[in-house]
Engineer: 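Next up is a structure, given as structure tokens.
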Amino acid sequence: HVRYRMQVTHRRDTPGELALRSALCALGLRYRVDAALPGTRRRPDVAFLRAKVAVFVDGCFWHGCPIHGTWPKANAAWWREKIEGNRRRDRDTDRRLKRAGWVVLRFWEHDDATVAAQAVASTLQLRMNRTLRRAV
């Protein structure tokens, strides 16, 4: 069952990601999907390369959502280590990107995509305003 679940779980284009990307398009924002980031093998779900904004849509099960995350009973120790490992990797990714000058935004798959898109748009606006002020 674990093997099957791992095989059928897509790395990208999850329902949460698709909803966010649709909401971003509705706001007229253009972005890169699954783009490679410098200095890391990790890929954000949505990236705004020029503004250096990385957006992740974390799955409730795989990233241990405090509201909807579940802890399987079968093979519990393995699953706990897997999910905790995902959380550690998320924090490490955030640290690496922030050190490289990126803004990292994380949303849960259950978050309202329209609200998340507005947060992304606000962050982009702030980043672009700072860039413009520096250039002047």
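Everything numeric here is computed off the predicted structure, so don't read it as measured data. Atom set for the values below is all heavy atoms of this structure, side chains included, hydrogens, waters and symmetry mates excluded.
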Engineer: Which value, rounded to the nearest 0.5 Å, describes the distance between E17 atom CD and F107 atom CZ?
Structural biologist: 13.0 Å

Engineer: Flag yes if M128 and V53 sit in one hydrophobic cluster, no otherwise; membership is Ile, Leu, Val, Met, Phe, Trp, Tyr, and two members link when side-chain heavy atoms are under 4.5 Å apart.
Structural biologist: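 Unlinked, M128 and V53 end up in two clusters.
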
Engineer: Can you list, pair by pair, the side-chain donor-acceptor contacts under 3.5 Å of residues 42-49, counting residues two or more places apart and other chains?
Structural biologist:
from: R42; atom 1: NH1; to: D92; atom 2: OD2; distance (Å): 2.6
from: R42; atom 1: NH1; to: T93; atom 2: OG1; distance (Å): 3.0
from: R42; atom 1: NH2; to: D92; atom 2: OD2; distance (Å): 3.2
from: R43; atom 1: NH1; to: D34; atom 2: O; distance (Å): 2.4
from: D45; atom 1: OD2; to: V57; atom 2: N; distance (Å): 2.5

Engineer: Give me the atom names and distance for the closest heavy-atom approach of C65 to R87.
Structural biologist: N-NH2, 4.5 Å

Engineer: Would you compute the distance between atom CG of N75 and atom CZ of R80 and round it to the nearest 0.5 angstrom?
Structural biologist: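 It comes to 13.0 Å.
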
Engineer: Which residues satisfy the salt bridge (charged side-chain N to carboxylate O under 4.0 Å, His left out) test with R88, sequence neighbours excluded?
Structural biologist: E81

Engineer: Could you pull out the closest heavy-atom pair between A117 and A23, with the gap in Å?
Structural biologist: CB-CB, 3.6 Å

Engineer: What verdict does the side-chain contact (heavy atoms from CB on, under 4.5 Å) test give for V103 and R127, after you've listed the backbone C-alpha separation in whole Å, the side-chain angles of each residue and the deciding distance to 0.1 Å?
Structural biologist: CA-CA 9 Å; V103 170; R127 292 288 284 191; 3.3 Å; yes

Engineer: Testing the basics here: between A100 and K52, what is the closest heavy-atom pair and its distance to 0.1 Å?
Structural biologist: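 So the two residues come closest at O-NZ, 3.2 Å.
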
Engineer: Is the shortest heavy-atom distance from the side chain of Y31 to the side chain of V120 under 4.5 Å?
Structural biologist: no

Engineer: Does some side-chain heavy atom of F56 sit less than 4.5 Å from a side-chain heavy atom of D90?
Structural biologist: no

Engineer: Are V55 and V33 linked, directly or through other ILVMFWY residues, by side chains that come within less than 4.5 angstrom of each other?
Structural biologist: yes

Engineer: Is there any side chain to side chain donor-acceptor pair (under 3.5 Å) pair reaching into residues 99-112, and which pairs are they, with sequence neighbours excluded?
Structural biologist: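 Output for this query lists D58-R106, H68-H110, D94-R106.
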
Engineer: State the NE2-CD1 distance between H63 and I83, to the nearest 0.5 angstrom.
Structural biologist: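 Taking NE2 in H63 and CD1 in I83, the distance rounds to 10.0 Å.
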
Engineer: Go through the steps to decide whether D13 and R21 satisfy the test side-chain contact (heavy atoms from CB on, under 4.5 Å), and finish with yes or no.
Structural biologist: CA-CA 9 Å; D13 298 336; R21 290 181 355 215; 2.9 Å; yes

Engineer: Verify the ring-centre separation between W79 and F61: is it less than 6.0 angstrom?
Structural biologist: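 Here the rings of W79 and F61 have centres that are less than 6.0 Å from each other.
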
Engineer: Can you hop from L24 to L18 via hydrophobic side chains spaced under 4.5 Å?
Structural biologist: no

